[in-house]
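Here's the structure, in structure tokens; my notes come after.
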Amino acid sequence: MTNFLNISDLDKINILKILNSKEDTKTLNNKSIGLLFEKHSTRTRLSFNVGISKLGGNSIDIRFKELNISRYESFEDTFLAMNCYLDGLVFRTDNHQKLLEASKYFKKPIINALSDISHPCQSISDLLTIKEHFGKLDCNILWMGDMNNVCYSLVEATNLFQEINLIICSPLSISNKKKWPINSNVSIVDSLNDIDLTKINCVMTDVFISMNDEGSADKLSLLKPYCVTNDIMSKTAEDSIFMHCLPAKLGFEVEEDVFRSSKSIIWKQAYNRMIAQQKLLQFIYQ
Ligand code: CP
Ligand code: NVA
């Protein structure tokens, strides 16, 4: 595999290979990986930084605004220059096209660290967290709220794993606009009335307004009824968990009581970002 831009760059066999691998300490010996973030990040940047050093590699934080691209150097020449020094690039961008464009000039692996379209590192890591928590991937996931980049990668992952059932609960005005390919184990509803909550053992959500969406304030009122509340959680299966990729906006997509409840495994999820990315890097550089 050269680039990891979407979950669909992998198949089920290789995802399982990644999830089941053991972390080592030398895969990235003598390798330098650039971390290029056009947008804010706490977990992704830190987990890659630390994870790369645990694999014996060297990570370099590249500040977009300090590059000559912010003066007059072209996009093409910027990535051709990076190609001279780096063995790989972790790239977070507001425009997925830039990942595709960068791959024309940067000839080592590029990992999507979140784009407007997808967040595949989050989904690989969430699969790992689910597998660790339940001892298997079989589960019934309810996604509440916006159908954003994180939701897209979750759908791509669910398409590959028939043992996962995913119900997306989102307003019709949002879901009608999404023409995502979905398999029979993914369904979309606009109301919880259509769902047997007792069968749900994983409730997931994400912010209602993503970094790419900051102009869409009307989404907040549209999505208000899709907040994950204690009432919803209390109707789900006894063993149910709450997951959120973070950062969270408490009181909007989730009540603070749920966020900090014993059902919430958000910090395990955050920790696993690092473990899953170490496994991913081992797979790419094996
Ligand atoms: N979940 C996630 O990608 O978090 P950051 O935006 O903090 O990296
Ligand atoms: N959907 C969110 C995810 C942040 C990790 C965003 O794009 O801002």
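Order of appearance sets the numbers: ligands from 1, and atoms from 1 within every ligand.
The OG1 atom of T236 lies 4.5 Å from the CE atom of M233; values are rounded to the nearest 0.5 Å. In this structure, CG on N3 lies 8.5 Å from CD1 on I284, to the nearest 0.5 angstrom. Atom SG of C202 is separated from atom CG of N140 by 9.5 Å, given to the nearest 0.5 angstrom. Taking CG of L142 as the start and CG of L166 as the end, the distance is 8.5 Å to the nearest 0.5 Å.
Numbered from 1 in the order shown, with element, the atoms of ligand 2 that lie under 4.0 Å from a heavy atom of N148 read 1 (N). Set against the non-hydrogen atoms of H119, the atoms of ligand 1 under 4.0 Å away are 2 (C), 3 (O). Atoms of ligand 2 lying under 4.0 Å from at least one heavy atom of N149, given by number and element, are 1 (N), 2 (C), 6 (C), 7 (O). Close approach to M211 involves these atoms of ligand 2, each under 4.0 Å from a residue heavy atom: 6 (C), 7 (O), 8 (O).
Side chain of N6 to backbone of D9: no donor-acceptor contact under 3.5 angstrom is found. At least one donor-acceptor pair under 3.5 Å links the side chain of K108 to the backbone N or O of L86.
Where the criterion is an N or O separation shorter than 3.5 Å, residue side chain and backbone included, T42 meets it with respect to ligand 1. Of the N or O atoms in L114, none lie within a sub-3.5 Å distance of an N or O in ligand 2. In terms of N/O distances under 3.5 Å, ligand 1 is approached by C245. Below 3.5 Å of separation, one finds no N or O of R92 facing any N or O of ligand 2.
A cation-pi geometry, defined here as NZ or CZ lying under 6.0 Å from the six-membered ring centre and within 45° of its normal, does not hold between R92 and F37. Figure legend: K249 and F252 shown as a cation-pi pair, the cationic atom lying under 6.0 angstrom from the six-membered ring centre and within 45 degrees of its axis.
Within 6.0 Å of CD on E73 lie more than 12 heavy atoms contributed by other residues, nucleotides or ligands.
Aromatic ring orientation, F79 versus F91: tilted (interplanar angle from 30° to 60°).
The shell of residues lying under 4.0 angstrom from ligand 2, judged by heavy atoms, excludes N212. In this structure, L246 has a heavy atom closer than 4.0 Å to ligand 1. The shell of residues lying under 4.0 angstrom from ligand 2, judged by heavy atoms, excludes T44.
Residue, atom and distance of the protein heavy atom nearest to atom 2 (C) of ligand 1 are R273 NH1, 3.3 Å. The protein atom (non-hydrogen) at minimum distance from atom 6 (O) of ligand 1 is R92 NH1, 2.9 Å. When hydrogens are left out, the protein atom nearest atom 3 (C) of ligand 2 is D206 OD2, 3.5 Å; that is the closest non-hydrogen contact. Looking only at heavy atoms of the protein, atom 4 (O) of ligand 1 is closest to R43 NE, 3.0 Å.
Here L246 has backbone heavy atoms under 4.0 Å from ligand 2, and that is the only part of it that gets that close.
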